[in-house]
Amino acid sequence: MHPALATHRPRTSHRARALSAAFSALAGLAPPAMAQASEGGTLAPVEVQGNAQAQRRFDSAASHTSVQVDGFTAATPLVHLSELLAGQAGVVALDRQNYAQDLQIAVRGFGARSTFGVRGVRILVDGIPATMPDGQGQAATAQLQSAAQVDVLRGPLAQLYGNAAGGVLQVHTREPRAGGGAQASVAAGSFGQRLADASFDFGNRTLSGLVDVSRFETDGWREHSAARRTHLNGKLVARPDADTKITALLNLYDQPNAQDPLGLTRAQFNANPRQAPEVAASFGTRKSVAQNQWGLVLERQLGPADSVRARAYGGQRTLTQYLSFSGAAENSAGGVVDLDRDYHGLGLAWTHSARMPSGLPLTWTLGLDADRLSEQRQGFVNQNGESGALRRNERDRAGNTDLFAQVDAWLAPTWRAVAGLRASRVDMRVSDHFITPANPDDSGARRWRQTSPVLGLVWSASDQLNLYANLGRGFETPTLAEMAYSRDNTGPNFGLAASRSRQMEIGAKWQGAVHQVQAAWFDARSRSEIVPAATVNGRTVFQNADNVRRRGLELAWSAQAGAWKPRAAYTYLDAFFGDAYTGAAGARVGAGNRLPGTARHLAQLALDYAPSAHWQLGATLDVSGKVFANDVNTEAAPGFAVLGLRAGYTFGHAAASPRWQAWARLDNLLGRQYAGSLIVNDGNGRFFEPAAGRRIMVGLRAQFL
């Protein structure tokens with residue numbers, strides 16, 4: 001029997017599992033407003049020896065995994081989410097070696113089309129959306145040095161998060177350390193990488209907080225790829241009484257003048273992968289971003305059976321980006337993007353716990369989410385790296401209003417059902433203030449509505465084995481950027497439809513004293529997939545394509561055998577266009593063509609070894625199959641296998657102060673040359689973003705308790 005189950009007889013253990021998990025069903029997995037359920041009620045207490053969150057993930061009717069983060073002992077710099085998400089089956093998180101663009105993140109093929117930012121995957125940080133109402137998000141603003149956990153949700157149940165939820169990633173900031181303390185770290189590595197971080201914890205259980213400030217700089221592996229960023233993350237937690245928790249969040253992010261090395265053509269990549277195209281220097285391609293955000297979360301236990309959770313947040317984001325063309329044409333949008341965005345949102349959920357006539361637990365949740373953004377977007381001529389004449393000036397607005405409900409019921413001591421429904425309305429509006437004979441009025445508005453039902457079922461076949469199945473519907477609207485232009489330049493492409501998908505999944509989870517195994521088979525069918533139609537004067541025009549399939553298999557295994565901890569993950573993804581259509585430049589995309597940006601085979605093998613409480617050693621082998629770069633499948637990046645090593649050593653004991661930790665990380669040990677990511681469907685044929693060669697980074701941390 002697994003040590004997390006504090007019972008002896010199988011029938012009793014299933015019931016104990018039901019009672020202990022029911023009133024925190026899908027915690028951290030359902031939408032943020034739904035994440036806290038009552039732990040109280042009239043049920044007798046059940047002792048659970050082990051990690052309750054891990055038990056809930058095991059009992060859930062979904063492919064739900066979690067990555068634990070320790071900012072002191074991690075043998076990695078904690079700069080990119082890709083460091084933590086590697087090895088998560090079904091998830092691709094690629095470091096582009098380009099700080100002017102965000103990470104490339106995809107879940108089961110959703111999000112693979114993104115050429116900048118994150119699309120098709122919903123990102124949250126402490127319950128606050130990092131994905132805007134139009135479906136576009138960014139991952140760089142999550143501060144990982146102060147993180148405690150990253151949750152990954154795949155499959156139909158992710159649709160409970162609404163628009164662009166092909167998968168969900170949620171980053172949780174750690175709780176302030178009891179009694180306070182401080183931590184500082186420095187690190188340096190190849191290609192001028194430099195990192196400094198300091199955090200301070202204070203307070204007691206009634207009022208506590210933490211502040212974490214980090215600074216990262218790099219000269220860049222490629223030419224024209226230097227960057228620096230400064231990040232502050234703050235968390236204040238108040239518990240005025242035993243039934244109330246109030247969390248205030250502050251996140252400040254500044255990244256000025258991050259150089260953009262752009263992609264390379266195949267010839268350029270083969271000749272010298274560290275180069276940048278000449279247009280990068282001649283047009284001064286770069287991006288500056290500053291984002292300030294606050295959030296407030298209230299959790300209140302109203303009584304033995306009822307709890308509420310409310311959130312409010314707001315922020316401002318400014319961005320200036322110099323693109324690789326002038327944008328001087330009268331009907332162009334310009335080669336310099338200047339964006340000033342304000343955004344805010346509210347969320348409220350009520351959870352009630354009860355018992356069914358059989359005496360087994362039942363919980364239901366009702367909630368509302370409302371998010372808004374308003375941005376002033378301007379475009380200017382790029383005069384060799386300087387801002388020139390105005391070519392675009394508009395006010396863009398987007399908002400979503402979502403109502404949701406979820407029921408979680410134990411139908412029998414070994415059977416659990418989860419059902420949910422989310423009704424979403426997404427509104428977008430463009431008010432054009434730059435109207436000339438060559439640049440017509442681009443004003444307009446569009447509204448999308450979607451009702452997304454999901455249903456899941458779990459059978460606890462034994463204490464060690466759970467079998468589950470689920471199905472659901474979801475949708476993804478075009479972003480403001482994707483619907484900005486039409487083929488005839490007569491205004492925004494308000495005829496562009498939202499992509500709608502039907503997903504199903506069957507899975508198994510097994511946990512024993514030594515081994516843990518997860519397996520999932522999935523199938524997703526999308527209609528009105530958003531794909532490129534044409535590129536006109538620097539404007540990318542999009543269209544819809546029907547019958548896109550994503551199906552595959554995910555396998556994950558881990559074991560704990562003394563000081564050794566091996567693990568493996570494998571993903572088979574068959575993502576393709578089911579019907580032919582006419583793509584960009586009139587090219588024919590054939591039925592059966594692979595979805596660009598997706599590899600059919602992905603795997604990771606890892607081995608950790610901790611011979612003592614002080615040492616930690618590890619090795620990782622990452623393997624990827626061929627990835628096509630465009631819809632017509634005429635260009636592709638070949639597969640690769642890369643090896644990495646890491647090590648850490650902790651000085652002192654857990655109760656000692658200060659404690660010291662030294663770490664080192666060696667990536668791409670064999671110096672392989674490969675494309676780490678792709679700019680899919682690039683109109684200039686610059687598809688390839690080279691991965692860095694052999695590189696090392698070392699660091700030292702100190703913790704004061």
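Below, all heavy atoms of this structure are taken into account, side chains as well, without hydrogens, waters or symmetry copies.
- To the nearest 0.5 angstrom, Q97 atom CD is 8.5 Å from S677 atom OG.
- Between M697 and L195 the shortest side-chain heavy-atom distance falls below 4.5 Å.
- Residues V79 and L144 share a closest heavy-atom pair of C-CD1, 4.1 Å.
- Between K235 and E175, at least one side-chain nitrogen of the basic residue sits less than 4.0 Å from a carboxylate oxygen of the acidic one, meeting the salt-bridge criterion.
- A salt bridge links E375 to R341: at least one charged side-chain nitrogen sits closer than 4.0 Å to a carboxylate oxygen.
- Looking at residues two or more places apart in sequence or on another chain, you find no salt bridge (charged side-chain N to carboxylate O under 4.0 Å, His left out) involving K287.
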Check your understanding: Step by step, would you call W660 with Y649 a side-chain contact (heavy atoms from CB on, under 4.5 Å)?
Key -> CA-CA 8 Å; W660 298 85; Y649 184 80; over 6 Å; no
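- Separation of the Y322 and F380 ring centroids does not fall under the 6.0 Å cut-off.
- Remark: W294 pairs with no residue by the ring pair (Phe, Tyr, Trp, His ring centres under 6.0 Å) rule, at least two apart or across chains.
- Comment: R215 does not engage D197 in a salt bridge, judged by the lack of any side-chain N to carboxylate O separation of less than 4.0 angstrom.
- Note that the CZ atom of F704 and the OG atom of S199 stand 10.5 Å from one another [nearest 0.5 Å].
- Under the 4.0 Å criterion applied to side-chain N and carboxylate O atoms, E635 and R266 are assigned as salt-bridge partners.
- Heavy-atom minimum distance, D682 versus F687: N-CE2, 3.4 Å.
- In this structure, F191 and W221 have perpendicular ring planes: the angle between them is above 60°, well past the 30° mark.
- Note on D396 versus R372: no salt bridge recorded, every NZ/NE/NH1/NH2 to OD/OE distance being 4.0 Å or above.
- Contact record, R311 with P129: NH1-CD, 4.0 Å, taken as the closest heavy-atom pair.
- Ring geometry for F202 against F200 counts as parallel: the plane angle stays under 30°, on a 0 to 90° scale with 60° as the upper cut.
- In terms of heavy-atom proximity, A130 sits nearest to V125 at CB-CG2, 4.5 Å.
- Residue pairs satisfying the salt bridge (Lys or Arg N to Asp or Glu O under 4.0 Å) criterion with at least one member in residues 114-137, sequence neighbours excluded, are listed as follows: R119-E482.
- Ring-plane geometry between H80 and Y99 is classed as tilted, the angle between the planes lying from 30 to 60 degrees on a 0 to 90 degree scale.
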